[in-house]
Amino acid sequence: MSALLELKGVNAAYGQSQVIYDLNLSVADGGITALLGANGAGKTTTLRTICNMRVRCSGTITFAGKKIDGLQTEDIVRRGIAHVPDGRGTFVHLTVEENLVLGAYSRRDRAAVAQDMERVFGYFPRLRERIAQQAGTLSGGEQQMLAIARALMLRPRLLLLDEPSFGLAPLIVQEIFRILNRINTEDGVSMLLVEQNANLALSLAHDVYLLETGRVVLNGPAAQVRNDDSARRAYLGY
Amino acid sequence: MDTFLHQLLSGLANGGIYASIGLALVMIFQATHHINFAQGEQAMFSAYIALTLIQAGVPYWAAFLIALAFAFIAGVAIERVVVRQFDNAPVLAVVVVFLGMLFIINSLAGWLFTYNVQAFPSPFPVGLGSKFLSAHEIGMIGVTLVTLAVVYAFFRFTPLGLAMRAAAQNPEASRLVGIRVGWMLALGWGLAGAIGAVAAIMAAPIVYIEPNMMAGILLYGFAAALLGGINNPWGAAVGGFIVGVAENLAGAYVVGTELKLSVALVIIIVVLVTKPAGLFGRTVVTRV
Ligand SMILES: Nc1ncnc2c1ncn2[C@@H]1O[C@H](COP(=O)(O)OP(=O)(O)OP(=O)(O)O)[C@@H](O)[C@H]1O
Ligand SMILES: [Mg+2]
């Protein structure tokens, strides 16, 4: 499979402090790539670098064959990269419906947007029940669902997910990961998935990268890493 | 009883002006967390544009709309050229910039249009007047209400209005849905400028036009914004009407007309001390 997203020799820094070193990473078209690592390894920073969110970076980033490094966040998003940030980044004062409408803000195909609204309600029926509720009053799991649903409203080719399991009960996490799997297989949306929960991520992803203090220390197909006991014990601790 | 009704209604008419200025201040405050001290001067300058056009023979309502367009474009330009340079500047620096704009626009108006106090025409036929309100006061209430309704409908029912609200609330998340946040801020400045211009053009026949005409009105607008809740635009609008009525009744029955302006200061201080969130200040509902 060809690469949809490709990072080559990427360095990233906040002000003077460098956080990512010479990162090479790719997400296959139609694939799910997991990005694992301990707290502070630089996972969130990697996603922020891809979307050019207040990170200084060097190296090249290409998406669908075109260079995107240096573009404004808005323009990167408009090319079809939807980012579900850590902390979810929903509009807490706006309703569920307004959040979803905003997800499709950059699109002009109104009829298709209405269809997509129906489709995300198909994935997340609870959001339909809460359509007029202020997003800030949703439960944590519902907010995560809303964040993913809003990202889907962009009709993205690539979904960047920053710890979608964070702070959620196991049952909700399972539900969300089942839906992510459907979004990947049914809608063909590629994903770059950041997770603390390695076991969970490996069950969904096709490829894996492991970051340690800003450097890739392990990379390969998920199935291989799952079955490699020594690598798993050394790097993933289970 | 008649004088009381008269004071009450004419307070509502003035209140519309304060409501508009308060709304403009709150719109910019929500997006930038700063008070635009130059809001009144921007409005005054736009009123001079209208007056100049009217004196040149342009029909009143055409001049009115052109002045609004000017105010809108000037607001956008001020954000794009000046304000955005101070995005990450300390609060005090921004305050100084806004005060600087106040004095620059004020002096520019004085230089271009002189400091002489001039009469400003009212578009409303005298026959509209009644026992309690002059024709201009009635027209002014109408224009204010239409303005508030249009602005409300814009923010509530249009995608662009929704995007502007989103950009003010959460710029980072807005960028992540593809909203051009910088332009939304600029549009907000433009809109606030136009609302302010409506207020100044409506106030001018009453207070007469001169470069300092908005000084007192800005203070009342600020009181309106604080009273209604500095983070709630519609609170600010309601606050404006309350302040207008309070001002007039206090002026007539309590402090006398000379000390009327102190009513604004008293309201500001009382609100800041007793209820900093204002009457309709939105308590933020968030779950963590
Ligand atoms: N805005 C910032 N300014 C300065 N340093 C930062 C900033 N954000 C993150 N860092 C630093 O960069 C490093 C990587 O942070 P990052 O958030 O990318 O880690 P992470 O892998 O996402 O961790 P976690 O699993 O805890 O979310 C950390 O050492 C962090 O302190
Ligand atoms: Mg993180």
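From a predicted model like this one, the values you see are computed outputs, not experimental measurements. By convention in this document, chain letters (A, B, ...) are assigned in the order of the sequence lines, proteins followed by strands, and residues within each chain are numbered from 1. Note: hydrogens, waters and symmetry copies are ignored here, and every other heavy atom, side chains too, is used.
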Trainee: Let me know if Arg150(A) has heavy atoms under 4.5 Å from chain B in its side chain, its backbone, both or neither.
Mentor: side chain

Trainee: Compare every heavy atom of Gly89(A) with every heavy atom of Ala173(B), then report the nearest pair and how far apart it is.
Mentor: CB-O, 3.2 Å

Trainee: Within a strict 4.5 Å, meaning less than it, do heavy atoms of the Phe91(A) and Ser174(B) side chains meet?
Mentor: yes

Trainee: Apply side-chain contact (heavy atoms from CB on, under 4.5 Å) to the pair Glu172(B) and Arg48(A), showing each step before the final yes or no.
Mentor: CA-CA 11 Å; Glu172(B) 186 147 281; Arg48(A) 293 178 67 89; 3.3 Å; yes

Trainee: Is Phe166(A) atom CZ crowded by more than 12 heavy atoms from other residues, nucleotides or ligands, each under 6.0 Å away?
Mentor: no

Trainee: Applying a heavy-atom distance below 4.5 Å, give me the residues of residues 65-75 of chain B that approach chain A, sorted by number.
Mentor: none

Trainee: In terms of heavy-atom pairs under 4.5 Å, which option from Glu98(A), Arg107(A), His83(A) contacts chain B the most?
Mentor: Glu98(A)

Trainee: Above 12 or not: heavy atoms from other molecules or residues under 6.0 Å from CD of Gln72(A)?
Mentor: no

Trainee: Heavy atoms under 4.5 Å from chain A: which residues of residues 175-192 of chain B carry them?
Mentor: Arg175(B), Leu176(B), Val177(B), Gly178(B), Ile179(B), Arg180(B), Val181(B), Met184(B)

Trainee: Considering heavy atoms only, which positions within residues 154-168 of chain B lie below 4.5 Å of chain A?
Mentor: Arg156(B), Pro159(B), Leu160(B), Leu162(B), Ala163(B), Arg165(B), Ala166(B)

Trainee: Quick test of your reading: applying ring-ring contact (aromatic ring centres under 6.0 Å, His included), list the pairs with at least one residue in residues 50-79 of chain A, sequence neighbours left out, ordered by first then second residue.
Mentor: none

Trainee: Looking at Lys8(A), I want to see if its NZ is surrounded by more than 12 non-hydrogen atoms of other residues, nucleotides or ligands under 6.0 Å.
Mentor: no

